[in-house]
Amino acid sequence: MAKDCFHCGQAIPEGDVILKPIKGEEREFCCHGCASVCEVIHEAGMESFYQRTPDGELLAPPPPPNKDIEFYDYDEVQSQYVGDLGDRREITLMSEAIHCAACVWLIEHTMAKMDGILLATVNFTNKQIKVRWDNSKIKLSEIISKLNSIGYDATPYDPSASEAAYRKANRDLLYRLGFAGFAMMNVMWFSVALYTGAADDQEFRNYFHWIEFFIATITLAYSGQPFLKGAWTSLKAKSVGMDVSISLGMLATYFFSFWVTIHPERVGEVYFDTLIDFMFLLLIGRYLEAISKNKALDASRRLMDLQPKVARLLQQGETKVVPVRTLVKDNHILVKPGDQFPVDGHVVEGQSMVNESMLSGESREISKNVGDMVSAGTINLDGTLTVSVDAILQNTQLGRIMHMVEEAQGSKAPIQCTADKIMPWFVSVTITLAAMSFVYWFFNAGIEFAVMTGTAVLIITCPCAFGLATPMAIAVASGVSARNGILVKNGAVLETLNTIEHFVFDKTGTLTKGQMKLMDSQLAEGVDESELMREIASIEHKSEHSLAIAITDAVREKYRFNNSDWLDVQGFKAYPGKGVQGQIDDHSYHIGTAKWLEGMDVDVPESLSAIAEERAQMAQTSIWIAKDGQVQAVLFLEDEIRPEALDLIKRLKDKGKQVTLLSGDQTIVAQRVAEKLGGMDVIAEVLPEDKNQVIRELQEKGQKVSMVGDGVNDAPALVRADVGIALGSGTDVSMDSADIVLLNNDILSVDTAIELSARTLKTIKQNIASSITYNVIMVPLAMSGVLTPLIAAITMPLSSLVVIGNAARIRGFFSPKEIAKRKRGGV
């Protein structure tokens with residue numbers, strides 16, 4: 001007779017039995033690993049772990065010891081996973097061996113007994129172990145070795161591995177859904193045959209019943225496993241949830257149909273087709289809920305993708321490509337034009353323009369000279385720089401932003417939908433009524449009628465419609481909004497958005513277009529504007545700078561010029577952070593900053609300087625033009641406010657919402673923008689890493705906050721907020737971090753999303769109300785025996801159809817009539 005391993009419960013191959021005394025009694029194991037793990041667990045007094053493991057669930061054999069485990073003790077290695085390398089350190093480990101609540105208990109209690117462990121918590125959902133320890137008392141390798149000794153292969157958290165685990169779980173659920181759909185299509189053929197006459201012939205009836213039984217059994221065991229397992233877990237926790245009622249309905253239907261099948265002499269109906277229908281419809285809702293769980297994981301991966309993995313290290317005059325992790329402070333690296341900076345550091349040689357929009361959210365390129373700081377992930381545009389390394393990986397500004405994103409993701413509480421709040425009472429009442437019906441009719445009409453009545457109650461009250469009330473409304477709303485330019489990544493957020501009290505907006509690229517525009521110009525006396533603008537554009541169109549592009553586009557549009565109208569320019573040259581120069585018909589032109597012109601002994605008129613200072617207070621950038629050493633004009637450029645932003649702010653205020661402008665710009669600039677938008681609260685001069693803290697502080701005051709942004713620097717705040725909204729024109733990271741993405745890039749869609757949230761929440765409440773009304777009417781009929789299980793099985797889907805049909809009405813939200821109504825300001 002085959003023997004099972006005392007630790008993992010798996011069969012021991014013949015001849016491979018390992019004997020080891022445990023608590024004075026000899027036990028049998030399948031391998032030395034299981035024997036060692038079991039011995040460690042008992043020596044630590046954790047043997048109750050085996051009583052906590054779910055019945056019938058086998059453990060996995062322990063992983064082989066990691067031979068290179070001491071490798072993780074080096075600070076150079078830990079710096080990739082640990083933020084602060086002081087005595088007190090914190091790391092997130094990942095173990096695929098975590099499979100049940102017993103594992104959580106065993107790991108946390110084992111870690112708590114180790115000297116030097118300050119904190120150990122296990123996240124069962126994503127199989128992560130957060131450990132805080134005193135590095136002067138215990139090494140990371142000892143922690144990992146201890147986890148290995150009790151059967152858990154812990155390694156430092158890798159976002160890509162975590163993402164793979166989530167995808168695997170969602171794929172498994174999709175397979176179960178597909179199997180249930182395939183079984184439903186096949187069993188319907190036999191059901192149709194029975195309902196159309198085959199049931200009149202006992203031989204055919206028995207034959208089809210057994211085939212349906214075979215299909216239903218396999219489907220229940222495979223596709224129904226999530227519900228059965230959830231019900232068992234719920235009962236062990238001494239609570240009742242939706243899975244309990246669903247499982248009771250499925251099992252009652254299954255066993256009653258089986259009872260009819262094994263008693264062919266008794267005339268009765270089987271409901272195997274109804275059982276499979278249950279599972280298929282419910283798995284659709286379960287899958288729609290599951291696919292949104294791993295969306296936020298992409299944000300961390302995208303953030304790390306912004307940071308190059310290699311760098312050009314300068315050593316003894318030679319350049320060598322090395323991994324970023326091998327760099328140390330004060331190393332010198334070379335960054336060429338077009339490259340992303342792999343580290344945080346300061347420039348020691350060279351000058352260049354740098355695009356920092358991915359971190360700052362600001363559209364302007366920044367001039368970098370010797371001594372200036374540069375940040376990992378930003379882009380070097382037009383000059384070669386030698387940079388001294390100050391920080392790498394997690395210690396960079398980008399790394400800190402990534403850490404805040406992950407922290408905010410972990411702190412966001414799960415949304416409790418209306419159905420979940422009612423479900424425990426609903427399930428308890430359902431079970432009680434079914435039991436009362438069975439007992440009453442058992443004594444008054446016999447076992448068969450009692451079983452049929454009790455089953456009818458369970459079928460008629462099966463919470464299929466109740467379970468679909470929320471996911472169906474959200475699914476329809478998410479689908480129709482995506483087709484109209486509003487991508488709702490986390491469907492449940494539609495329930496939350498309607499309750500938001502405070503909307504916080506990033507400025508650049510969100511309320512403004514994020515693109516510079518020529519706003520005005522001041523010319524010196526006697527200058528021909530049209531001819532000068534043609535000369536300026538002829539030079540500027542050779543530059544790739546955003547200011548040059550804005551000037552060229554404005555001149556082309558105003559004077560109807562095309563590329564053939566540009567004058568021949570000789571000696572064009574760009575000076576990063578200063579300006580450009582060129583020659584046209586023996587005339588020399590310099591276009592750039594006033595400081596640059598003054599450095600070339602160009603006399604800058606005081607009258608124009610005074611105007612430029614006034615425009616600077618209005619957040620306008622001044623570009624000076626000199627011809628043959630004489631100032632000809634000064635141009636003023638500004639980041640234009642989105643035309644629909646004013647309307648949006650007004651609508652939000654009319655709804656009683658609080659509105660705040662959050663920006664890294666100077667206070668006077670942010671206040672000027674706020675005034676143009678009709679007035680709002682202003683929080684300015686905020687560093688990228690502080691935006692997350694601003695949202696946290698608002699939430700700590702009891703407010704429900706929505707953050708609307710578009711830059712990488714907005715990502716932590718987008719995740720921290722109760723609802724994060726990103727523009728489709730923003731960075732990939734901001735869109736991955738948000739709950740809602742405005743693919744149409746229309747800021748007014750924020751108001752549309754609020755209205756859609758209200759409509760969706762109203763629909764959910766209607767669906768729940770219709771489900772309850774249906775049960776109030778039908779349950780008394782079932783309890784009285786008026787409704788047989790067959791009639792119950794026919795009427796039960798009607799409540800689901802009502803829910804689905806009502807949810808489908810949300811599609812009318814984007815009808816031309818409704819859109820026109822919203823544009824007029826209607827609700």
Side-chain angles (χ1 to χ4, degrees), residues 350-354 364-372 381-383 516-556 558-559 561 565-639 666 668-669 672:
Q351 62 179 19
S352 179
M353 298 298 291
V354 175
R364 303 173 187 173
E365 287 84 6
I366 307 297
S367 174
K368 298 294 183 181
N369 298 288
V370 174
D372 290 338
L381 295 178
D382 50 18
M516 301 302 291
K517 184 177 181 180
L518 180 61
M519 304 300 295
D520 196 6
S521 62
Q522 290 288 330
L523 306 179
E525 293 184 6
V527 174
D528 184 338
E529 180 179 351
S530 175
E531 184 60 26
L532 178 64
M533 288 299 180
R534 183 184 182 192
E535 293 167 347
I536 293 171
S538 297
I539 297 173
E540 290 285 22
H541 94 277
K542 292 180 173 293
S543 173
E544 301 270 337
H545 197 282
S546 62
L547 293 176
I549 294 172
I551 293 171
T552 304
D553 290 345
V555 173
R556 181 186 288 115
K558 182 175 181 179
Y559 297 98
F561 290 144
D565 295 318
W566 302 141
L567 301 171
D568 183 37
V569 178
Q570 302 292 328
F572 174 83
K573 188 175 182 180
Y575 295 87
K578 299 177 181 178
V580 297
Q581 72 173 29
Q583 291 184 345
I584 301 177
D585 296 334
D586 297 327
H587 293 287
S588 177
Y589 293 83
H590 290 80
I591 306 172
T593 65
K595 184 177 180 181
W596 182 47
L597 297 184
E598 288 173 345
M600 292 184 292
D601 296 326
V602 174
D603 184 23
V604 177
E606 291 185 4
S607 58
L608 293 181
S609 294
I611 296 174
E613 290 179 5
E614 292 177 2
R615 296 301 181 91
Q617 298 296 316
M618 299 168 59
Q620 293 185 357
T621 300
S622 302
I623 301 296
W624 294 77
I625 294 91
K627 177 180 179 180
D628 297 328
Q630 299 294 321
V631 171
Q632 302 293 299
V634 57
L635 309 181
F636 302 106
L637 294 94
E638 184 179 352
D639 189 2
Q666 296 179 354
I668 189 170
V669 175
R672 175 62 177 167

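All values below were derived from every heavy atom in this structure, side-chain atoms included, with hydrogens, water molecules and symmetry-related copies excluded. Residue numbers start at 1 and run along the sequence shown.
With rounding to the nearest 0.5 angstrom, the CZ atom of Arg556 is 10.0 Å from the CD1 atom of Ile549. Here Tyr559 contributes atom OH and Ser530 contributes atom OG; the two are 5.5 Å apart, rounded to the nearest 0.5 Å. Taking CD1 from Ile625 and CG from Leu523, the interatomic distance works out to 8.5 Å, rounded to the nearest 0.5 Å. Summarising the geometry, atom CG belonging to Leu518 is positioned 6.0 Å from atom CE belonging to Met533; distances are rounded to the nearest 0.5 Å. Here CD1 of Ile551 is found 5.0 Å from CG of Leu635. Values are rounded to the nearest 0.5 Å. Separating the NE2 atom in His590 from the CH2 atom in Trp624 is a distance of 16.0 Å, to the nearest 0.5 Å.
Ser367 approaches Asn369 most closely through the heavy-atom pair OG-ND2, 3.4 Å. Nearest heavy atoms, Ser352 versus Leu381: OG-N, 3.9 Å. Annotation for Ser538 and Leu567: closest pair OG-N, 2.9 Å, computed over non-hydrogen atoms. In plain terms, the two heavy atoms of Thr552 and His541 that are nearest each other are OG1-N, 3.5 Å.
Taking the side chain as every heavy atom from C-beta outward, Met519 and Leu637 never approach each other to under 4.5 Å. At a threshold of 4.5 Å between non-hydrogen side-chain atoms, the residues Val555 and Arg534 do not count as touching. The shortest distance between side-chain heavy atoms of Ile584 and Asp568 does not fall below 4.5 Å.
Classification of the Trp566-Phe561 ring pair by plane angle, with boundaries at 30° and 60°, yields perpendicular.
Counting only distance, with no hydrogens or angles, the side chain of Asp628 and the backbone of His587 share no donor-acceptor pair below 3.5 Å.
Residues meeting the salt bridge (charged side-chain N to carboxylate O under 4.0 Å, His left out) test with Glu531, sequence neighbours left out: none.
For the residue pair Glu535/Tyr589, the side-chain donor-acceptor check at 3.5 Å is satisfied.
Remark: Asp520 engages Arg615 in a salt bridge, criterion side-chain N to carboxylate O under 4.0 Å. Lys558 and Glu529 are joined by a salt bridge, as a carboxylate oxygen and a charged side-chain nitrogen come within less than 4.0 angstrom of each other.
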Table please: side-chain donor-acceptor pairs of residues 596-612 below 3.5 Å, with sequence neighbours left out.
| unit_1 | atom_1 | unit_2 | atom_2 | d |
| --- | --- | --- | --- | --- |
| Ser609 | OG | Pro605 | O | 3.1 |

List the steps and the verdict of side-chain contact (heavy atoms from CB on, under 4.5 Å) for Ile591 and Glu540.
CA-CA 8 Å; Ile591 306 172; Glu540 290 285 22; 3.2 Å; yes

